[in-house]
S.K.: 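The structure under discussion is supplied below as structure tokens; questions concerning it will follow.
As the structure is a prediction and not an experimental result, all values here were calculated from the model.
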Amino acid sequence: EGAVTGLVDGSCTVKVVDNAKSFQDAGSHWAKDAIAFASSHELFGGVGGGNFAPDATIDRAMLATVLYRLEDAKTTGSASFTDVPAGAWYADAVAWANGNGIVKGSGNGFDPSGSVTREQLATMLYRYAQTLDMDTKAIGSLDKFSDGGQTSGWAKDAMSWAVGSGLLSGKGEGILDPSG
């Protein structure tokens with residue numbers, strides 16, 4: 001632990017950076033390890049004031065930005081949504097996500113501050129996985145959940161994949177909560 005070994009043929013410069021962050025509201029949270037990973041990889045930066053807000057709802061702009069950062073993308077341009085103003089902190093991320101087919105809007109624009117539902121999350125991750133040529137053939141049964149049939153038609157394939165791949169396992173007591 002704490003050691004890195006590498007074989008280099010020729011000269012190189014190695015830069016080791018510790019991006020660990022500490023949040024006063026995440027130290028004892030059940031997701032503290034995931035928060036540490038995501039923030040040290042600069043996917044999330046917290047909400048300011050030394051806080052992460054681990055129980056806050058993620059919005060559509062935030063999710064697009066996380067995927068954009070995960071890809072270390074450099075896309076700029078128009079997102080072609082009237083509710084995504086040029087220069088907004090999330091505009092480049094939405095343009096990238098839209099250009100790659102990861103987001104297609106909510107029917108009334110992009111809805112950047114709209115909360116991400118579980119079926120929207122599954123759909124965005126499903127489309128993202130497809131852009132990476134990942135195997136998205138895993139199929140899980142939505143019927144094993146009492147509310148699995150409430151999954152929107154546009155999200156059924158993605159939700160089945162999310163359940164089949166273990167990304168979503170329900171909320172307990174046989175509830176999937178697709179619109180939650």
Side-chain angles (χ1 to χ4, degrees), residues 17-73 75 79 81-98 100-129 131-132 142 145-148 150-152 154-155 158-159 161-163 165-180:
V17 178
D18 181 2
N19 285 327
K21 294 169 183 56
S22 176
F23 300 102
Q24 56 195 11
D25 61 348
S28 61
H29 193 273
W30 62 267
K32 67 180 179 184
D33 292 339
I35 292 167
F37 177 86
S39 64
S40 70
H41 286 82
E42 298 182 347
L43 302 177
F44 286 93
V47 296
N51 291 307
F52 187 82
D55 295 316
T57 302
I58 188 170
D59 65 34
R60 294 170 52 80
M62 291 166 68
L63 182 55
T65 301
V66 166
L67 296 176
Y68 179 72
R69 290 175 179 168
L70 186 60
E71 281 302 296
D72 197 22
T75 301
F81 296 112
T82 58
D83 60 349
V84 177
W89 62 267
Y90 52 84
D92 289 345
V94 173
W96 168 83
N98 181 242
N100 284 286
I102 297 166
V103 299
K104 296 181 180 180
S106 65
N108 295 318
F110 178 68
D111 190 20
S113 60
S115 297
V116 175
T117 65
R118 292 166 63 84
E119 64 185 5
Q120 288 174 351
L121 173 67
T123 300
M124 288 184 202
L125 294 177
Y126 179 71
R127 291 173 182 161
Y128 175 65
T131 68
L132 299 177
L142 301 182
F145 300 99
S146 61
D147 60 349
Q150 296 173 14
T151 302
S152 300
W154 53 264
M159 287 292 278
W161 167 76
V163 168
S165 64
L167 288 174
L168 292 179
S169 58
K171 296 176 77 173
E173 299 180 21
I175 297 172
L176 182 59
D177 195 15
S179 62

S.K.: For L176, does its backbone N or O pair with a side-chain atom of D147 as donor and acceptor, under 3.5 Å?
M.R.: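 Yes.
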
S.K.: Could you give me the CA-CA distance, side-chain angles and deciding distance for H41 and R69, then say whether side-chain contact (heavy atoms from CB on, under 4.5 Å) is met?
M.R.: CA-CA 9 Å; H41 286 82; R69 290 175 179 168; over 6 Å; no

S.K.: Search all heavy atoms of F23 against all heavy atoms of G46 and return the closest pair with its distance.
M.R.: CE2-CA, 3.9 Å

S.K.: Would F145 and V163 count as a side-chain contact (heavy atoms from CB on, under 4.5 Å) here? Give the steps.
M.R.: CA-CA 10 Å; F145 300 99; V163 168; 4.0 Å; yes

S.K.: Go through L132 and E71 one step at a time and tell me if the side-chain contact (heavy atoms from CB on, under 4.5 Å) criterion holds.
M.R.: CA-CA 10 Å; L132 299 177; E71 281 302 296; 3.6 Å; yes

S.K.: Please report the closest heavy-atom contact between I175 and S146, naming both atoms and the distance.
M.R.: CG1-OG, 4.1 Å

S.K.: So, applying side chain to side chain contact (heavy atoms under 4.5 Å, CB included) with V116, which one of E119, Q120, R118 is it?
M.R.: Q120

S.K.: Do D83 and P112 have side-chain heavy atoms sitting under 4.5 Å apart?
M.R.: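 Result yes, sub-4.5 Å side-chain heavy-atom pair found.
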
S.K.: Looking at every heavy atom in both A122 and W161, which two are closest together, and how far apart are they?
M.R.: O-CZ3, 4.0 Å

S.K.: Nearest 0.5 Å, what's the CG-OH distance between L70 and Y128?
M.R.: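 Result: 3.5 Å between the selected atoms.
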
S.K.: Nearest 0.5 angstrom please: T151 OG1 to D177 CG, how far?
M.R.: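 Here the interatomic distance stands at 10.0 Å.
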
S.K.: If I take atom NZ from residue K21 and atom OG from residue S40, how far apart are they, to the nearest 0.5 angstrom?
M.R.: 7.0 Å

S.K.: Under the side-chain contact (heavy atoms from CB on, under 4.5 Å) criterion, do F44 and I35 qualify, and how do the steps go?
M.R.: CA-CA 8 Å; F44 286 93; I35 292 167; over 6 Å; no

S.K.: Could you report the tightest heavy-atom contact between P178 and T117, atom names first, then the distance?
M.R.: O-CB, 3.8 Å

S.K.: Search all heavy atoms of A53 against all heavy atoms of D25 and return the closest pair with its distance.
M.R.: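 A53 and D25 have their closest heavy atoms at N-OD2, 2.7 Å.
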
S.K.: Keeping D59 on the side-chain end and A61 on the backbone end, is there a donor-acceptor pair under 3.5 Å?
M.R.: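 Between the backbone of A61 and the side chain of D59 there is a qualifying donor-acceptor contact (under 3.5 Å).
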
S.K.: Could you state the interatomic distance from OG (S113) to OH (Y90), rounded to the nearest 0.5 Å?
M.R.: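 Rounded to the nearest 0.5 Å, the OG-OH separation comes out at 7.0 Å.
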
S.K.: Counting heavy atoms not belonging to W30, are there more than 12 under 6.0 Å from its CH2?
M.R.: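 Atom CH2 in W30 is not crowded, with 12 or fewer foreign heavy atoms closer than 6.0 Å.
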
S.K.: Nearest 0.5 Å, please: how far is CG in L43 from CE in M62?
M.R.: 12.0 Å

S.K.: Using a 3.5 Å distance criterion without hydrogens, assess whether the side chain of H29 forms a donor-acceptor pair with backbone atoms of A31.
M.R.: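 Yes; judged by distance alone, with no hydrogens or angles, the pair exists.
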
S.K.: How close do T57 and S115 get, counting heavy atoms only, and between which atoms?
M.R.: CG2-OG, 3.3 Å

S.K.: Can you measure from CH2 (W96) to CG (L67) and round to the nearest 0.5 angstrom?
M.R.: 5.5 Å

